[in-house]
Protein chains: 2
Amino acid sequence: MARTGRPREFDRDKALNAAMTLFWAQGYEPTSLTQLKSCMGNISPTSFYAAFGSKEALFREVVQHYLATYGQVMSPLWDENLIPRDAIERTLRGSARMQATRTHPCGCLVVSGASNCSPENEAVQALLAAERQRTRTGIRVCVERAIARGELRDCATTAALPDIFATFFHGMTCEARDGMTSTHLDAAITSLLTLWDANALLTTP
Amino acid sequence: MARTGRPREFDRDKALNAAMTLFWAQGYEPTSLTQLKSCMGNISPTSFYAAFGSKEALFREVVQHYLATYGQVMSPLWDENLIPRDAIERTLRGSARMQATRTHPCGCLVVSGASNCSPENEAVQALLAAERQRTRTGIRVCVERAIARGELRDCATTAALPDIFATFFHGMTCEARDGMTSTHLDAAITSLLTLWDANALLTTP
DNA sequence: AGATTTTCATATTAAGTGATCCAGAAGTAA
DNA sequence: TTACTTCTGGATCACTTAATATGAAAATCT
């Protein structure tokens with residue numbers, strides 16, 4: 001990108017990662033420019049704005065970076081090569097493990113990154129809301145695919161499965177942040193999936 | 001309380017309710033004193049501090065008020081006269097209906113009231129975290145009581161039930177705020193409870 | 001009445017907010 | 001070298017934050 005001129009003295013990727021950690025832990029609004037600049041390597045305001053544009057632009061970049069890395073635990077949802085049940089199980093277990101890992105802030109950035117917002121930052125809130133909606137759609141598509149493939153009965157219980165999984169999925173953020181371990185979440189997922197199996201249809205091998 | 005002196009010109013209860021609505025919608029930190037004073041009836045800073053002490057003191061009072069009113073949807077959890085399954089079902093359905101009602105902000109204040117916090121407001125965050133822990137305990141006690149009463153099998157699946165219900169319960173806040181209707185939540189609860197029934201023991205009538 | 005108590009409106013505080021300006025430093029390109 | 005581009009540090013911007021100070025207004029109590 002910058003082929004000429006004075007080279008940047010700080011590592012942009014490291015700074016982005018540090019910002020992600022801070023936003024992840026505190027959320028968008030409570031995180032101040034002062035905190036950000038500090039954790040990004042004591043960079044100056046000028047350097048900050050030259051490199052990232054604004055606080056909101058940085059947050060949007062952080063979200064993209066999060067989705068491309070930690071957020072990939074949800075990629076099974078969109079993998080049509082996987083059996084639907086497998087896709088959902090992998091997503092839930094992968095998210096549980098990721099969200100409860102203590103090497104970074106707990107919970108999911110998309111769920112808790114901008115949950116408290118004043119009216120002037122509605123756009124930031126909407127950004128994450130849209131991403132959550134995408135997840136719900138992915139879950140629903142998986143369940144519908146399972147029904148279409150004859151792996152799941154088409155009944156009232158299975159019709160509610162997408163909402164159950166989505167609610168449980170988003171609830172994990174609260175639990176992980178409150179200290180629930182990956183082991184506990186995993187056990188809960190195991191039990192929750194018996195709800196799927198109780199409505200599964202036998203497929204001839 | 002105030003028997004003598006100039007009487008207060010604004011309605012303290014109405015002001016508290018208005019503050020609750022604002023905190024409920026935006027969360028603790030993004031809600032400014034200016035917004036609060038405005039929605040509480042354009043009261044002056046002096047009146048505000050005389051009546052409520054500080055922003056944090058007001059929030060604590062708001063939480064108590066919330067627990068004493070809207071938060072009562074969880075009271076079945078502590079009602080030992082109820083059959084455990086009934087206690088949990090009433091709590092879930094009552095919360096779902098309350099959280100999705102549009103006459104006030106969606107979701108649960110205890111879950112979303114201080115989810116984004118800077119370090120200096122950890123105490124506020126801890127206040128709500130403690131309340132959520134109380135809920136988890138209530139759910140767990142219900143399940144354990146059901147097992148002790150012989151209404152639920154004592155197995156791995158039922159051991160995970162408290163965590164499932166708690167995670168789902170806290171997840172409802174995210175769903176309700178994102179627009180999920182009471183009807184959808186209710187249907188999800190119905191299906192989720194089949195997980196209980198699948199592990200229920202027959203009680204001789 | 002007059003003393004006391006409490007609330008009110010206005011102005012103001014110090015600190016923090018996100019964001020910009022400017023002069024100089026440190027590179028590349030001719 | 002000289003011209004050009006980009007980054008850095010520090011000062012500063014206008015604005016908002018939560019919280020106070022001051023003095024007058026409005027009630028009760030003696």
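The chains referred to below are lettered A, B, ... by the order of the sequence lines, with proteins before strands, and numbering in each begins at 1. Model, not experiment: these values are computed from the prediction.
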Calculate the interatomic distance between [X] atom [atom1] and [N] atom [atom2]; express it in whole Å.
X	N	atom1	atom2	answer
Ile43(A)	dT6(D)	CD1	P	18 Å
Leu36(B)	dA18(D)	CG	C1'	11 Å
Gln35(B)	dT16(D)	CD	P	12 Å
Tyr49(A)	dA11(D)	OH	P	18 Å
Lys37(A)	dT17(C)	NZ	C1'	10 Å
Phe48(A)	dG18(C)	CZ	C1'	9 Å
Leu33(B)	dT17(C)	CG	P	16 Å
Glu56(B)	dA18(D)	CD	P	13 Å

For a quick check of understanding: with a heavy-atom distance under 4.0 Å over all strands, which category does Thr31(B) fall into, base, sugar-phosphate or nothing?
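Sugar-phosphate: the residue Thr31(B), judged by heavy atoms under 4.0 Å, touches backbone atoms but no base.
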Are the charged groups of Glu61(A) and Arg12(A) less than 4.0 angstrom apart, N to O?
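Arg12(A) and Glu61(A): salt-bridged.
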Output yes when at least one side-chain N/O atom of [X] is less than 4.0 Å from OP1 or OP2 of [N], else no.
X	N	answer
Thr4(A)	dA29(C)	no
Thr34(B)	dT16(D)	no
Ser44(B)	dC8(C)	no

Should Phe23(A) and Leu58(A) count as side-chain neighbours, where that means a heavy-atom distance under 4.5 Å?
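Phe23(A) vs Leu58(A): side chains touch.
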Just so I know, are the side chains of Gln35(B) and Gln26(B) near enough to count as touching, which here means a heavy-atom distance under 4.5 Å?
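SC-SC contact between Gln35(B) and Gln26(B) confirmed.
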Candidate pair Ser115(A) and Arg177(B), rule side chain to side chain donor-acceptor pair (under 3.5 Å), full reasoning:
CA-CA 10 Å; Ser115(A) 47; Arg177(B) 285 167 58 111; 5.6 Å; no
Any N/O donor-acceptor pair, Arg6(B) side-chain to dT7(C) base, under 3.5 Å:
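Side chain to base: pair found, below 3.5 Å.
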Please set out all donor-acceptor pairs under 3.5 angstrom arising from side-chain atoms of residues 39-49 of chain A, sequence neighbours excluded.
from, atom 1, to, atom 2, distance (Å)
Ser44(A), OG, Ser47(A), N, 3.1
Ser44(A), OG, Ser47(A), OG, 2.9

Polar-atom pairs under 3.5 Å, protein N or O versus N or O of nucleotides 11-13 of chain C: list them with distances, or write none.
none

Can you tell me which residue pairs pass the side-chain hydrogen bond (donor to acceptor under 3.5 Å, both in side chains) test with a partner in residues 123-133 of chain A, sequence neighbours excluded?
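Non-adjacent pairs meeting side-chain hydrogen bond (donor to acceptor under 3.5 Å, both in side chains): Glu131(A)-Arg134(A), Arg132(A)-Asp178(B), Gln133(A)-Arg136(A).
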Between Gly5(A) and Gly53(A), just flag the one whose closest nucleotide in DNA chain C comes earlier from the 5' side.
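Its nearest nucleotide being more 5', the pick is Gly53(A).
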